[in-house]
Amino acid sequence: MKKDHLIKNYDWIDFLRVLATFSVIFVHVAASILYQYGSISNFDWWIGNIYDSTFRFCVPIFLMITGALILPKTYNSTSEYLKKRFLRILLPFLFWSIIYIAKDLFMKLNHGADMNYIEVFTYTFIQLKNGASYHLWYIYLIIGLYLFFPIIGKWITNSNKNELKYFLVIWFLTIVAQLPFLNKIAPNINLTYFSGYIGLPILGYYLSNYSYDFKGKNIVYTLSILTGIMITIFGTFFITKHHGIFNDSFYSYLSPNVILVAVGVFLLFKGFVISGTRTTCIILFFSKYSYGIYLIHVLVLWVLGKFSISYVIVNPLIGIPITSVLCFVISALLVYGIDKLPFGKYISG
């Protein structure tokens, strides 16, 4: 009974986590096309822009899920919370950081670089400080948020709906005020404590705990998604065309258009129940290993690239989805295999 209860209540969270994990891979596969604006065909660039714009909701969804799951929980002590949260993310993060650093060092040495032990140590330290791979910025972000959650969590659980709305409205206004055409005229009011990524976990908590039942709500959520995507697509095109070089301002995870898509996706799938035992098992499998998939997928993309498997294997319209699916499945199988090794569960993610 307990297992059925959990599946019934968390199907939508598992589905969203899997969707967000796959979307991250999709974004990273498509991204390399965008920086070639002007040197590739307009058709190929537009394919990359449309794909990337469509899946930009991935990181906001990750953070909203985190808020929905962690902020309502209570712990006997802060040390208990920190131990449970950080053991879950730190060991796999450190392991895969070392793997990425080792890969980069191997490539440098293989290309004739002459590095002594002190230079290797310095390089390793700098990489760990700044991030051993471009996608690991998110782990540094989540570590910072986890440190703040015990503080913000107490306020969250003791706040009513209107108090949460108060925070979220001001948070969203700080985001809108950062838009290029508004930041020059926005009042210079210090709203530091309302700004940044902290709003996304709180938004996830709010949307998961309060419902708005009205006729045609799924249509509204779908329109929210489509509107946000269209703004991202055409906003990116026009600002890129204006500057003559790719500009990713509309791709920001804290841009109103991307948040609009994330909110629509979150609400559209809220309460979603997976039908069929086999489908449930597949979703739960990928959900269980989503963190490990996130950590390893850039390495898998690199290896696939060595075998000339990327968006260029065929037309990007097909090449991007094929490469993304291959990377997603291979990453999941690798993490599953590592998890089954002795002590593998501590580093697999």
Side-chain angles (χ1 to χ4, degrees), residues 2-24 26-27 54-73 142 145 149 152-153 156-157 159-169 171-172 175 197-232 253-277 279-288 290-291 294:
K2 185 176 181 180
K3 184 177 180 182
D4 291 340
H5 175 73
L6 287 174
I7 290 175
K8 181 178 180 181
N9 283 278
Y10 290 104
D11 273 353
W12 68 283
I13 292 288
D14 287 310
F15 187 94
L16 274 179
R17 185 183 290 115
V18 173
L19 178 62
T21 305
F22 179 73
S23 298
V24 165
F26 215 102
V27 163
T54 301
F55 290 95
R56 295 306 292 183
F57 63 81
C58 51
V59 168
I61 287 291
F62 273 138
L63 294 173
M64 291 165 73
I65 290 173
T66 299
L69 292 179
I70 295 179
L71 288 177
K73 292 183 178 180
I142 206 70
L145 291 176
F149 277 0
I152 200 76
I156 289 284
T157 54
S159 297
N160 58 38
K161 183 178 180 181
N162 287 331
E163 289 168 336
L164 292 171
K165 284 170 65 176
Y166 168 78
F167 175 91
L168 289 171
V169 167
W171 169 72
F172 190 74
I175 290 172
Y197 283 99
I198 188 61
L200 288 168
I202 297 175
L203 179 63
Y205 172 88
Y206 179 85
L207 294 178
S208 64
N209 283 277
Y210 295 100
S211 299
Y212 291 94
D213 294 319
F214 54 90
K215 187 176 180 180
K217 63 179 181 179
N218 287 340
I219 296 176
V220 173
Y221 301 155
T222 302
L223 288 175
S224 172
I225 296 169
L226 294 176
T227 301
I229 290 174
M230 289 299 104
I231 293 172
T232 309
Y253 296 122
L254 285 177
S255 61
N257 45 291
V258 172
I259 293 173
L260 191 63
V261 178
V263 168
V265 171
F266 193 90
L267 291 175
L268 192 62
F269 289 99
K270 180 184 175 183
F272 177 78
V273 177
I274 307 168
S275 59
T277 304
T279 304
T280 300
C281 290
I282 293 172
I283 293 297
L284 293 180
F285 171 81
F286 285 113
S287 177
K288 177 181 178 181
S290 59
Y291 181 45
Y294 182 89

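These numbers were taken from a predicted model, which means no experiment stands behind them. All heavy atoms count here, side chains included; hydrogens, waters and symmetry mates do not.
The ring pair (Phe, Tyr, Trp, His ring centres under 6.0 Å) check on Tyr205 picks up nothing, with sequence neighbours excluded. With sequence neighbours left out, Leu226 forms a side-chain contact (heavy atoms from CB on, under 4.5 Å) with Thr222. For Lys73, there are no salt bridge (Lys or Arg N to Asp or Glu O under 4.0 Å) partners at least two apart in sequence or on another chain. For Tyr291, there are no ring pair (Phe, Tyr, Trp, His ring centres under 6.0 Å) partners at least two apart in sequence or on another chain. The ring pair (Phe, Tyr, Trp, His ring centres under 6.0 Å) test applied to Tyr166 returns no partner, not counting sequence neighbours. Among residues two or more places apart in sequence or in another chain, the side chain to side chain donor-acceptor pair (under 3.5 Å) test is passed with Thr54 by none. Residues passing the side-chain contact (heavy atoms from CB on, under 4.5 Å) test with Thr227, sequence neighbours excluded: Ile231, Leu260. Qualifying side chain to side chain donor-acceptor pair (under 3.5 Å) partners for Ser255, counting only residues two or more places apart in sequence or in other chains: Asn257. Every residue two or more places apart in sequence or in another chain was checked for a side chain to side chain donor-acceptor pair (under 3.5 Å) with Lys165, and none qualifies. Tyr210 pairs by the ring pair (Phe, Tyr, Trp, His ring centres under 6.0 Å) definition with Tyr206, not counting sequence neighbours.
No donor-acceptor distance shorter than 3.5 angstrom exists from the side chain of Ser287 to the backbone of Leu284, with no hydrogens or angles considered. Side chain of Thr157 to main chain of Gly153: a donor-acceptor pair is present (N/O by atom type, distance under 3.5 Å, no hydrogens or angles).
No side-chain heavy atom of Val18 sits under 4.5 Å from any side-chain heavy atom of Phe22. Side-chain contact between Trp171 and Ile202: absent, with no pair of heavy atoms (C-beta onward) separated by less than 4.5 Å. Side chains of Trp12 and Phe266 form a contact here, defined as non-hydrogen atoms less than 4.5 Å apart. With a 4.5 Å cut-off on side-chain heavy atoms, Leu164 and Asn209 do not count as touching.
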Pair up each side-chain donor or acceptor in residues 55-66 with any protein partner under 3.5 Å, not counting sequence neighbours, and list the distances.
from  : atom 1 : to     : atom 2 : distance (Å)
Arg56 : NE     : Tyr251 : O      : 3.2
Arg56 : NH1    : Asp52  : OD1    : 2.8
Arg56 : NH2    : Tyr251 : O      : 3.1
Thr66 : OG1    : Phe62  : O      : 2.9

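Heavy atoms only, all atoms of each residue included: Phe167 and Gly199 are closest at CE2-CA, 4.0 Å. Closest of all the heavy-atom pairs between Thr232 and Gly228 is OG1-O, 2.8 Å. Shortest non-hydrogen contact noted between Val265 and Leu19 is CG1-CD2, 4.1 Å. Across all non-hydrogen atoms, the minimal contact from Pro201 to Leu145 is CG-CD1, 4.2 Å.
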Dump the intermediate steps for side chain to side chain contact (heavy atoms under 4.5 Å, CB included) on Leu168 and Phe172, then the final yes or no. CA-CA 6 Å; Leu168 289 171; Phe172 190 74; over 6 Å; no
Dump the intermediate steps for side chain to side chain contact (heavy atoms under 4.5 Å, CB included) on Phe149 and Ile70, then the final yes or no. CA-CA 8 Å; Phe149 277 0; Ile70 295 179; 3.9 Å; yes
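Atom CD1 of residue Ile259 and atom CD1 of residue Ile175 lie 3.5 Å apart, to the nearest 0.5 angstrom.
No more than 12 heavy atoms of other residues, nucleotides or ligands shown are found within 6.0 angstrom of NZ on Lys215.
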